[in-house]
Amino acid sequence: MTESIAREGVATQTPSKEALLSVQGLQKHFPITKGLFKRQVAAVKAVDGIDFDVYKGETLGLVGESGCGKSTTGRLITRLSEPTGGRITFDGSDISHLGTGAMRPYRRDMQMIFQDPFSSLNPRHTVGAIVGAPFHIQGVKTEHGVKRAVQDLLKLVGLNPEHYNRYPHEFSGGQRQRIGIARTLALKPKLIVADEPVSALDVSIQAQVVNLLEDLQEELGLTYVVIAHDLSVVRHISDRVAVMYLGKIVEVADRESLYSNPRHPYTVALMSAVPVPNPRRRESNQRERVLLTGDVPSPIDPPSGCRFRTRCWKAQEICATTEPPLVVREGDSPDHATACHFPVADNEEVAGRSKAA
Amino acid sequence: MPAPDAFLDVRDLRIHFPTDDGLVKSVDGLNFKLQRGKTLGIVGESGSGKSVTSLGILGLHNKRNARVSGEILLDGTDIVSADPEAVRKMRGRRMAMIFQDPLSAMHPYYTVGHQIVEAYRVHNNVSKAVAKKHAIDLLGRVGIPQPDRRVDDYPHQFSGGMRQRAMIAMALSCDPELLIADEPTTALDVTVQAQILDLMRDLQQEFNSALIIITHDLGVVAELADDVLVMYGGKCIEYGSAVTIFEEPEHPYTWGLLGSMPRLDRGVTNRLMPIKGTPPSLINVPSGCAFHPRCAYEPQTGGRGTTEVPELVESGRGHLVRCHLPVAERKRIWQEQVRPKLEAGS
Ligand SMILES: Nc1ncnc2c1ncn2[C@@H]1O[C@H](COP(=O)(O)OP(=O)(O)OP(=O)(O)O)[C@@H](O)[C@H]1O
Ligand SMILES: Nc1ncnc2c1ncn2[C@@H]1O[C@H](COP(=O)(O)OP(=O)(O)OP(=O)(O)O)[C@@H](O)[C@H]1O
Ligand code: SF4
Ligand code: SF4
Ligand SMILES: [Mg+2]
Ligand SMILES: [Mg+2]
């Protein structure tokens with residue numbers, strides 16, 4: 001790690017409230033077709049009408065169960081995938097349906113980091129070629145040549161610039177993830193969407209990469225959307241967190257409110273399921289755990305009304321008929337929105353804190 | 001043969017693989033004991049030898065490419081020296097394993113029920129009908145809804161969590177006395193993970209079996225383990241009760257593990273404290289203490305860390321540490337330097 005970014009205990013800067021990215025009614029339905037003529041018989045409603053903003057300079061965390069639509073959302077907002085509905089505004093421009101050519105100027109500004117540091121790097125290319133590729137593809141002029149630019153990037157992410165000619169397999173998992181990050185930074189993006197950036201890494205290496213992401217944000221004023229299933233990592237790294245369930249955002253809040261005062265029953269269950277690394281609290285954790293039974297319903301045919309109702313211990317009749325809007329609930333901060341008819345109150349005895357039906 | 005004083009007694013276990021690049025010393029002198037009804041958590045960096053150890057206990061290493069030495073006494077019978085047929089009989093009946101990836105461990109072309117039935121009939125001379133009834137019973141016990149119907153499903157018809165449950169059902173089909181779970185919940189969502197951990201705890205209580213759980217997730221260890229063994233570079237570097245390892249750890253690597261991990265039960269810290277550097281090569285293992293190239297306290301041992309392999313020494317009751325730093329010094333560093341940093345922000 002370079003000296004300039006290895007500062008201890010930097011306080012997170014307060015992000016502005018100016019949206020870099022704004023999403024309204026975003027939808028992605030994957031068609032399921034049948035027969036010779038590929039007649040569409042149904043659709044996987046992977047993302048089914050979500051709204052959120054990402055403010056300049058902040059980190060928005062995106063969490064939720066496997067298959068709830070996090071990666072699809074990431075691919076939509078970086079326009080690696082075409083939305084079936086809704087609107088994406090980036091830096092003031094509507095990019096919802098731009099074609100490849102029209103997207104090109106925006107491509108530089110938004111980049112994605114993927115989970116698997118190995119499969120996303122071409123094993124036959126040197127580190128220099130990999131990190132330098134975006135310069136060539138985008139035809140970007142560099143002041144002192146591409147090689148120098150790449151070496152600067154390698155230094156920035158804490159890799160030895162002399163390793164320019166090495167191949168990915170000569171690096172450890174954490175180092176490979178740094179190579180991926182260096183490549184991402186080549187075009188000085190404004191927005192980085194990181195899809196499970198550390199979940200394939202060992203705990204000790206995970207912490208190095210998390211710190212690096214934080215340093216780079218500080219240094220370069222980056223805006224992040226971080227997708228992860230590890231709720232502790234998400235809390236550590238995010239300013240605000242959105243919780244998804246079956247193609248919908250069910251709750252979004254600044255991290256303090258979300259973790260200290262979760263309002264949506266699904267968020268409550270999710271938080272309570274995280275194992276706490278304190279053996280003395282073993283029994284009380286188990287007592288307080290909300291166990292969700294039953295499987296996640298299919299995104300092809302989601303439940304009517306509130307999608308969580310088939311697993312929710314608070315469900316009433318209205319939950320089956322009326323979809324709860326994602327709005328600020330009474331007593332919550334204006335940043336904290338919940339999509340539930342009967343949000344969990346702070347001091348509420350969560351019914352059957354043991355096995356929820 | 002010495003009388004065993006524990007149900008599982010591993011003595012000076014070494015598992016080495018000759019390769020073109022040199023001898024890989026994946027496990028290099030491991031000792032531990034485990035009683036019935038108790039749970040041992042094994043943690044450590046990727047590549048530290050956790051899975052190789054568990055495969056060794058089950059006698060699953062191929063003698064042609066692995067050199068296994070030492071003793072693994074299961075209820076007094078040494079698995080290392082026993083003949084392969086005898087070990088095969090013990091597997092499934094006395095000991096079983098739950099693997100990380102349930103899809104790869106299940107055959108896609110056979111129904112879940114068929115696979116449990118076959119696993120059961122290898123060791124039990126019963127009719128298919130009886131075995132199937134047993135399979136349905138087991139699926140129900142691990143929490144699969146409508147087990148009599150789902151027993152005829154294929155693995156791909158199960159969700160990830162259900163597959164993992166089915167794997168557990170298969171591993172339990174013969175009531176093993178020793179169950180090894182290698183990263184049993186790593187591939188699962190936290191909500192499903194919580195169900196599986198509950199299940200393992202219940203089943204262990206019911207059968208009084210000995211359980212080894214291998215994981216990267218210190219939270220999972222804190223939930224289940226009575227004792228914790230921390231591995232680094234093929235060796236145990238710290239061993240103690242779960243409470244000791246979390247509250248009074250004495251090895252610099254264990255401190256590093258704890259510092260790397262953001263925790264929900266504490267306030268938000270500004271900065272994680274990663275272990276610098278990368279995991280050691282197992283072929284050219286660093287001289288002296290294998291952790292020394294990454295250890296911030298190495299200078300304090302006057303160079304011994306780079307030349308002399310530290311012994312695993314008892315530092316308190318049942319607490320073993322492999323480090324040259326004097327015990328009092330380790331306790332002081334933990335109390336005065338490391339712990340305050342870890343707790344900052346709470
Ligand atoms: N190309 C596709 N065609 C059809 N269905 C798809 C496609 N891509 C994703 N899906 C489906 O969309 C849903 C959401 O998938 P997505 O990958 O976004 O989930 P996720 O939240 O990222 O999950 P994970 O945590 O497992 O990565 C899933 O049901 C998935 O099966
Ligand atoms: N058959 C083999 N031949 C050569 N080397 C091997 C073989 N099996 C394992 N190893 C090596 O032994 C070391 C220990 O591997 P092991 O699978 O036990 O690690 P682990 O602690 O389980 O790691 P992880 O947390 O990543 O699962 C690794 O360096 C691995 O590459
Ligand atoms: S709207 Fe109803 S079913 Fe949905 S989470 Fe709230 S209480 Fe539960
Ligand atoms: S023996 Fe030396 S190098 Fe090894 S852990 Fe202890 S202080 Fe660090
Ligand atoms: Mg995903
Ligand atoms: Mg392993």
Side-chain angles (χ1 to χ4, degrees), chain A residues 1 7-12 63-68 171-175 199 201-211 214 229-237 255-256 259 266 269-282 285-286 289-296 311 355, chain B residues 43 45-47 143 145 158-162 185-195 197-198 201 216-226 228 241-247 253 256-266 268-279 294 344:
Chain A
M1 189 167 295
R7 265 169 288 145
E8 283 283 321
V10 263
T12 27
V63 300
E65 230 151 6
S66 178
C68 69
F171 292 89
S172 71
Q175 289 172 323
S199 48
L201 305 175
D202 220 64
V203 237
S204 67
I205 312 291
Q206 206 176 63
Q208 295 175 358
V209 174
V210 165
N211 283 356
E214 291 180 340
H229 67 266
D230 185 327
L231 292 161
S232 330
V233 170
V234 167
R235 184 182 73 155
H236 179 84
I237 201 168
R255 71 163 166 204
E256 282 314 316
Y259 283 81
Y266 175 65
L270 199 61
M271 301 275 178
S272 79
V274 178
V276 174
N278 182 349
R280 288 196 198 273
R281 292 209 4 219
R282 198 178 280 180
N285 287 336
Q286 281 155 29
R289 183 155 292 154
V290 184
L291 281 185
L292 289 181
T293 51
D295 281 322
V296 185
R311 303 168 83 195
K355 319 233 173 196
Chain B
V43 299
E45 206 140 55
S46 179
F158 275 28
S159 71
M162 287 165 73
T185 58
T186 313
L188 304 174
D189 286 314
V190 278
T191 51
V192 182
Q193 168 173 293
Q195 297 168 6
L197 296 184
D198 257 24
R201 199 166 17 230
H216 283 116
D217 188 333
L218 293 170
V220 170
V221 169
E223 288 268 338
L224 285 183
D226 298 298
V228 180
S241 70
V243 171
T244 306
I245 296 293
F246 281 91
E247 295 182 0
Y253 173 70
L257 266 188
L258 293 167
S260 299
M261 183 185 56
R263 307 174 48 147
L264 278 192
D265 60 335
R266 297 236 170 103
V268 186
T269 40
N270 278 332
R271 195 87 183 151
L272 297 177
M273 293 187 290
I275 304 168
K276 62 173 191 190
T278 49
R294 309 173 72 185

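Worth saying up front: this structure is predicted, and the values here are computed from it rather than measured.
For B/E45, the salt bridge (charged side-chain N to carboxylate O under 4.0 Å, His left out) test picks out B/R294, with sequence neighbours left out. In terms of the salt bridge (charged side-chain N to carboxylate O under 4.0 Å, His left out) criterion, residue partners of B/R263 (sequence neighbours excluded) are, by chain and number, B/D265.
Between the CE atom in B/M273 and the CD atom in A/Q208 there is a gap of 13.5 Å [rounded to 0.5 Å]. A/N278 contributes atom CG, which lies 10.0 Å from atom CD of B/E223 (distance to the nearest 0.5 angstrom). Residue A/Q206 holds its CD atom at 9.5 Å from NE2 of B/H216, rounded to the nearest 0.5 Å. Here OG of A/S66 is found 5.0 Å from CG of B/D189. Values are rounded to the nearest 0.5 Å. Residue B/L272 holds its CG atom at 3.5 Å from NE2 of A/H236, rounded to the nearest 0.5 Å.
Checking side-chain atoms of A/R282 against main-chain N and O of B/A225 turns up a donor-acceptor pair under 3.5 Å. Side chain of B/Q195 to backbone of A/L292: a donor-acceptor contact under 3.5 angstrom is found. In this structure, the side chain of A/N211 does not engage the main chain of B/P274 through any donor-acceptor pair within 3.5 Å.
In this structure, a donor-acceptor pair under 3.5 Å is present between the side chains of A/E65 and B/T191.
Scanning all heavy atoms of the two residues, the minimum distance from B/F246 to A/P277 falls at CD2-O, 3.4 Å. Here the shortest heavy-atom pairing between A/S232 and B/P262 reads CB-O, 3.3 Å.
Heavy-atom distances place the backbone of B/L224, and not its side chain, under 4.5 Å from chain A. Proximity to chain B (any heavy atom under 4.5 Å) is shown, for A/V203, by both the backbone and the side chain. Looking at B/L264, the atoms closer than 4.5 Å to chain A (heavy atoms on both sides) sit in the backbone and in the side chain alike.
Chain B forms the most heavy-atom pairs under 4.5 Å with one residue out of A/S272, A/P275, A/A269, A/A273, and that residue is A/P275. Most heavy-atom pairs under 4.5 Å with chain A: of the set B/M162, B/R201, B/K276, this distinction falls to B/R201.
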Worked check of side-chain contact (heavy atoms from CB on, under 4.5 Å) between A/H229 and B/V190
CA-CA 8 Å; A/H229 67 266; B/V190 278; 6.0 Å; no
